[in-house]
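Inspection log for the structure reproduced underneath, given as structure tokens.
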Amino acid sequence: MVEEYGLYINGKWAESTGEKFFDVTNPANGEVLARFPSGTVEDVHRALEAAKEAFPPWKRTPPAKRGEVVLRAAQILRQRKDELGKLLARENGKIVAEARGEVQEAIDFFEYIAGEGRRLLGETVATELPDKFAMTVRLPVGIAGLITPWNFPIAIPSWKIGAALVSGCTIVFKPASGTPILGARLVSALEDAGLPPGVLNMVTGSGSVVGQEIANHPLVSVISFTGGVDTGKQVYSCGAARLANVGLELGGKNPIILLEDADQDLAMEGILFAAFGTAGQRCTACSRLILHKKIYDEFLDDLVEETEALKVGDPLDPSVDVGPVKGKEQEEKILRYIEIGKEEKAKLLCGGHKLTGDGYDLGHYISPTIFEAKPDMRIAKEEIFGPVLSVLKAGSYEEAVRIANDVEYGLSSSIYTKNVNIAFRAIQDIESGITYINAPTIGAEVQLPFGGVKNTGSGAREAGTTAIDEFTEIKSVYVDYSGRLQKAQITE
Ligand code: UN1
């Protein structure tokens, strides 16, 4: 059955002012799951009006009370975890274990950030004058425009929405058109948790209409965007034109460095999970394995064997390791990169094609692919966002780090070694927002900041202790209780 959804404006599921709709399909078999309105510029304006009205009372609501609503939503999501996990697997194509994990990530973050409502810490700071007191307080930035991607359709919206709500912002939210169902379900959980009307509004539709209007509108004081680097740059310049706060989480080309002393069995499992889990469609996915020359041939043979043994298929089948990629566009992009790899004379070791035949024909399945590549090849430098791993050879730790850093991105990274000195050096040397020691590049936990360096992003880190930085302004407050004019820097 095709579910019909509306926009969510001012506490009501609403129709669009336009007439157009779009379908959401299951990438495993082409089944149409839902129909959503293609929102218009006027719809964005209606949502912004609601967010504007709702802002003053929400700002005045004590942060702990704001957190309570978010905590209640976490409890509701927990009750719905089974249903949402299956729905997510059907909407996005990730295997059901990972889909459940993603729902859990949203629950975890809501629980975590709800508690922030009882902190929202400022500082007290010494002053240079007698009978004077100084402190900082945090205030909400204003209306937040949140634009989220299809690869984490509930976890990433939960990071942005949860942090914005507890900070006291009101919201206009645009989920990705490929996966708006989980976004809508997140909104429902907050509605059922008692969020006041207008505090959170959702407008579905295209990036070029809805996304663009959110990014450009003067009422939006903070824009938080996760997605591709080209769109991220456009969003950044929209925000720059009016000096809005902009938070960007963009691409990755995340390396795993495997040194000759590492526990190779442990590394094998981690590489398979990071490169081919979620069909490689995580910003944090490992797309480069930098392998020490002493273990190169032997490890690579085993890796190819293990990769060929991965079961690709229906994400709802618990025995499947790798599901489909999100859709036609995604499939074509990945296959194009595989062709580029062949043209660049990278050596294709396994996979490299679309899967066809029984169970595959109606979906978008790509067999897990490994290339032996050189660091300057495009497949080893550009984000492919699919189950394609480039293997690169390094003669030393130093060379491995040089290769790791020689890309435009810096989100996640990993090194496998038993040498504690090298491990600690790597923390300093690898240019990325996240580094794992003896663990794969994926699987960040919500209580730590998430984000990257270089072209991976800009602005405050999401999640973790920094989550509220994106949505709060810091005000410095001076209280002079001396009863006379004291002049800082002048009064002796
Ligand atoms: C993403 O791919 O944008 O660390 C988010 C991870 C997940 C989040 C990934 N917790 O892999």
Side-chain angles (χ1 to χ4, degrees), residues 85 88 91-95 97-113 146-163 175-176 178-179 182-183 186 224-229 231-232 235 247-256 269-287 322-323 325-326 330 334 383-389 409-414 432-437 439-453 455-464 466-467 470:
L88 202 163
E91 182 181 43
N92 168 278
K94 63 180 70 177
I95 60 171
E98 289 171 357
R100 286 174 57 83
E102 187 189 330
V103 176
Q104 188 59 46
E105 190 165 348
I107 296 167
D108 290 347
F109 186 69
F110 269 16
E111 286 179 349
Y112 170 78
I113 203 69
L146 310 180
I147 304 174
T148 58
W150 51 261
N151 71 327
F152 273 82
I154 191 163
I156 292 180
S158 81
W159 299 351
K160 296 187 196 298
I161 290 173
T179 55
L182 268 287
L186 186 66
S224 182
F225 170 83
T226 300
V229 70
T231 316
V235 170
L248 302 173
E249 295 295 350
L250 310 174
K253 194 71 189 173
N254 312 295
I256 291 182
E269 270 190 276
I271 293 160
L272 292 169
F273 180 45
F276 303 120
T278 325
Q281 300 178 115
R282 296 194 190 212
C283 307
T284 50
C286 167
S287 51
V322 183
V325 300
K326 172 55 194 156
Q330 197 54 26
I334 297 165
E383 186 177 50
I384 300 174
F385 223 62
V388 181
L389 178 68
Y409 299 111
L411 179 56
S412 185
S413 61
S414 146
S432 61
I434 304 166
T435 291
Y436 291 87
I437 308 293
T441 52
I442 63 176
E445 300 177 33
V446 299
Q447 66 279 17
L448 271 79
F450 182 92
V453 301
N455 275 1
T456 289
S458 170
R461 291 280 188 274
E462 298 194 274
T466 48
E470 196 172 4

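Note that the numbering runs from 1 along the sequence shown for the chain. If you're wondering where the values come from, they're calculated on a predicted model, not measured in any experiment. Each ligand, and each atom within it, is numbered from 1 in the order the structure gives.
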Can you produce the list of protein nitrogen or oxygen atoms under 3.5 Å from a nitrogen or oxygen of ligand 1, alongside each distance?
from	atom 1	to	atom 2	distance (Å)
ligand 1	2 (O)	Asn151	ND2	3.3
ligand 1	2 (O)	Cys283	N	2.7
ligand 1	4 (O)	Gly443	N	3.1
ligand 1	4 (O)	Ala444	N	2.7
ligand 1	10 (N)	Glu105	OE1	3.1
ligand 1	10 (N)	Glu105	OE2	2.9
ligand 1	10 (N)	Ala444	O	3.2
ligand 1	11 (O)	Arg282	NH1	2.9
ligand 1	11 (O)	Thr284	OG1	2.8
ligand 1	11 (O)	Gly443	N	3.0

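- Every residue two or more places apart in sequence or in another chain was checked for a side chain to side chain contact (heavy atoms under 4.5 Å, CB included) with Leu448, and none qualifies.
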Taking distance alone, no hydrogens or angles, what donor-acceptor pairs closer than 3.5 Å link side-chain atoms of residues 151-159 to residues at least two apart or in another chain?
from	atom 1	to	atom 2	distance (Å)
Asn151	ND2	Gln281	O	3.0
Ser158	OG	Ala155	O	2.6

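- Side-chain atoms of Ser412 and Thr441 include no donor-acceptor pair closer than 3.5 Å.
- In this view, Pro440 and Phe273, Ala274, Tyr416 satisfy the side chain to side chain contact (heavy atoms under 4.5 Å, CB included) rule, not counting sequence neighbours.
- Atom CD of Glu102 and atom CG of Asn92 lie 7.0 Å apart (nearest 0.5 Å).
- The shortest heavy-atom contact between Lys326 and Gly178 is NZ-O, 3.0 Å.
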